[in-house]
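Heavy atoms only: backbone and side chains are in, while hydrogens, waters and symmetry mates are out.
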Amino acid sequence: MTITSPHLGSSKAWTDAQLLYALEEVVEKELNRHLKVAKDWMPHEYVPFSDGRNFPGIFEDGEAWAADQSKVTDIGKIALVVNLLTEDNLPSYHHEIASLFGRDGAWGTWVHRWTAEEGRHGIVMRDYLLTSRAVDPDKLEQFRMAHMAEGFESDNRHSMLHSVAYVAFQELATRVSHRNTGHQSGDPVCDRMLARIATDENLHMVFYRNLLGAAFELAPDLTMQAVRDVVVNFRMPGHGMPGFERAAAQMAIGEIYNMRIHHDDVIQPVLRFLKVMSIDGLGPEGAKAQEELGLYMGGLDSEAAKFDEKLAARKARMAARDRA
C-alpha cells in the first residue's frame, strides 16, 4: 500500500483523494491480472446474421416485424431489452466512474478498458435482437431514446468507497441476470452469447471485489459503512428506464432476478468471500454498520422466503390449470 500505518483503521483521516492514491497499486495489480485472464472476443461471431432480413424503410422489400418471428421466450425478450437498455447508458456510467476514479494512471486505464468491454456487450445484444427479430425494432429505439434522454446519476456518486462497493455487487448482479436470461431464452444461440457476456461481468466483479477487500484493509470502518449503505439501498442501474418496475416484476416471477437470487447469488457471495461479517477490531461506527448489515440480511432472507412461497403457490396454480 502507498499510504500505511498512520491511517490504518481510521474513520476520519481518509479522503477520497487519499484512498484513490493509496489504492493505486492495488488497481494496477488487479488491472494486470484482468488483462492476463480476460479474452478478447468478436461480437459478430455470436450473432446469426444469416437469419436476418431487411426491415421496412429504405428497403422496399423489407419485412415488417411481427411478434411470432423469434424463438426467444416472452420472459427472455423482456430481460434482453432490460439488459440492453442498461448497457445503452454506458456513456453516463463512464462519466460517473471516470469523474470519481480519474482518467490517469492505473485507475484511468481500468476505467477505459472496462468501458470498452461493456460497450461490446451492448453491440452484440443489439445485433442479436435485431437479427433474430426478438423485439420490435421501433419500440426498442424509442425506449433507448427515452432512457438516454433521462440520463443517469449514480446513487453513490458522492463517495469513491460507495461506488466501489456498489459495482462489486452490481457486476455480479448483472452477470447473474445475463446468465439466467440465457437459460430462460429458449434459444441456444442467445444462451451462448449471454454466457460470453456473463464471463466478462464476472471478471469485472472480481476486480471490484478485490479492490473492496483492499479498502477494508485500509479503512475498515468507512468501508463497512459504505457496504452497509450500498446493500441496504441497492438498485440496479436500469431502474430509470421506461416500464422498469413492470419488467422487474416479470423477471422476478420468471426467476431471472428476484429477492432470493439477489440474497443468495449476489449479496451473500461477496460478503462471504470478504468475510465482512467476521471483521473485528472495528470502531463504533464500523461495528454499528456491521450489525445493521447483518440485521438487514436477515430481513432480506425472510422477505425472500415469503417470495419463494408465493412463487411456489403460483407455479402450483398454473400447473393445476394446465392439467385441467
Side-chain angles (χ1 to χ4, degrees), residues 9 11 19 82 86 154-181 198 201-202 204-239 244-245 248-249 251-314:
S11 290
L19 282 167
V82 169
T86 299
S154 170
D155 295 332
N156 303 288
R157 61 189 180 278
H158 62 287
S159 160
M160 187 276 287
L161 274 180
H162 283 72
S163 295
V164 170
Y166 176 76
V167 287
F169 294 107
Q170 181 266 322
E171 291 288 351
L172 183 51
T174 306
R175 175 219 169 195
V176 169
S177 180
H178 282 311
R179 202 68 194 95
N180 289 342
T181 300
E201 302 290 11
N202 194 63
H204 297 164
M205 179 277 293
V206 171
F207 178 96
Y208 288 114
R209 183 196 64 191
N210 292 351
L211 189 58
L212 186 62
F216 266 116
E217 294 181 11
L218 280 173
D221 287 336
L222 286 177
T223 306
M224 185 68 73
Q225 292 172 72
V227 169
R228 175 208 50 202
D229 294 345
V230 164
V231 170
V232 169
N233 300 295
F234 187 87
R235 296 195 297 176
M236 290 293 276
H239 60 81
F244 178 79
E245 289 77 12
M251 290 168 66
I253 294 172
E255 298 182 271
I256 288 176
Y257 200 93
N258 55 40
M259 279 191 288
R260 173 54 62 201
I261 293 169
H262 183 65
H263 178 278
D264 291 0
D265 300 337
V266 177
I267 304 299
Q268 282 286 26
V270 175
L271 297 181
R272 188 164 50 243
F273 182 88
L274 297 176
K275 299 180 174 61
V276 171
M277 302 312 300
S278 60
I279 293 174
D280 55 15
L282 295 166
E285 291 300 316
K288 178 183 177 184
Q290 187 181 49
E291 180 182 5
E292 291 175 347
L293 178 61
L295 291 172
Y296 176 81
M297 291 302 295
L300 180 62
D301 188 38
S302 297
E303 289 299 312
K306 293 177 184 177
F307 175 84
D308 292 341
E309 292 176 2
K310 292 180 180 178
L311 184 59
R314 185 178 188 276

For the pair Lys306 and Glu303, find out whether any cationic side-chain nitrogen is under 4.0 Å from an anionic carboxylate oxygen. yes
Test side chain to side chain contact (heavy atoms under 4.5 Å, CB included) applied to His162 and Asp229, step by step: CA-CA 8 Å; His162 283 72; Asp229 294 345; 2.8 Å; yes
If only atom types and distance count, is the side chain of Tyr166 paired as donor or acceptor with the main-chain N or O of Arg235 below 3.5 Å? yes
Would you say Thr223's side chain and Ala215's backbone share a donor-acceptor pair under 3.5 angstrom? yes
Could you tell me whether a side-chain N or O of Thr174 sits under 3.5 Å from a main-chain N or O of Gln170, the two making a donor and an acceptor? yes
Measure across Tyr257 and Ser177 and return the closest heavy-atom pair with its distance rounded to 0.1 Å. CD1-CB, 4.4 Å
Closest approach of Ala305 to Arg260 (non-hydrogen atoms, all atoms of both residues): N-NH2, 3.3 Å
Do you know the tightest heavy-atom contact between Val266 and Leu172? O-CD2, 3.4 Å
Quick one: are the ring centres of Tyr208 and Phe169 less than 6.0 Å apart? no
All side-chain contact (heavy atoms from CB on, under 4.5 Å) counterparts of Leu295, not counting sequence neighbours: Glu291
Rounded to the nearest 0.5 Å, the CZ atom of Phe244 sits from the CE atom of Met251 at a distance of 7.0 Å
Nearest-0.5 Å distance that lies between atom CG in Leu274 and atom CZ in Phe216: 6.5 Å
Could you walk me through whether Met297 and Val231 pass the side chain to side chain contact (heavy atoms under 4.5 Å, CB included) test, one step at a time? CA-CA 9 Å; Met297 291 302 295; Val231 170; 4.0 Å; yes
Shortest non-hydrogen pair, Asn180 vs Glu255, comes out as ND2-O, 3.9 Å
Does the Gln290 side chain pair with the main chain of Val276, one donor and one acceptor, at a distance under 3.5 Å? yes
Quick check for you: to the nearest 0.5 Å, what is the distance between Lys310 atom NZ and Ile253 atom CD1? 11.0 Å
In chain order, what residues pass the side-chain hydrogen bond (donor to acceptor under 3.5 Å, both in side chains) check against Arg175, with sequence neighbours excluded? none
For Ala219 and Leu19, work out which heavy atoms get closest and say how close. CB-CD2, 4.4 Å
Closest non-hydrogen contact found for Met205 with Ala168 is CG-O, 3.4 Å
First locate atom CG of Leu222, then atom CE of Met160, and finally report the distance between them rounded to the nearest 0.5 Å. 10.0 Å
Step by step, work out the side chain to side chain contact (heavy atoms under 4.5 Å, CB included) result for Glu171 and Phe207. CA-CA 10 Å; Glu171 291 288 351; Phe207 178 96; over 6 Å; no
One should read off an interatomic distance between Ile256 CD1 and Ile261 CD1, to the nearest 0.5 angstrom, of 8.5 Å
CG on Asp308 to NE2 on His263, rounded to 0.5 Å: 10.5 Å
Determine, stepwise, if the pair Leu293 / Leu271 fulfils side chain to side chain contact (heavy atoms under 4.5 Å, CB included). CA-CA 10 Å; Leu293 178 61; Leu271 297 181; 4.1 Å; yes
Is there a side-chain contact between Leu300 and His262, using heavy atoms and a 4.5 Å cut-off? yes
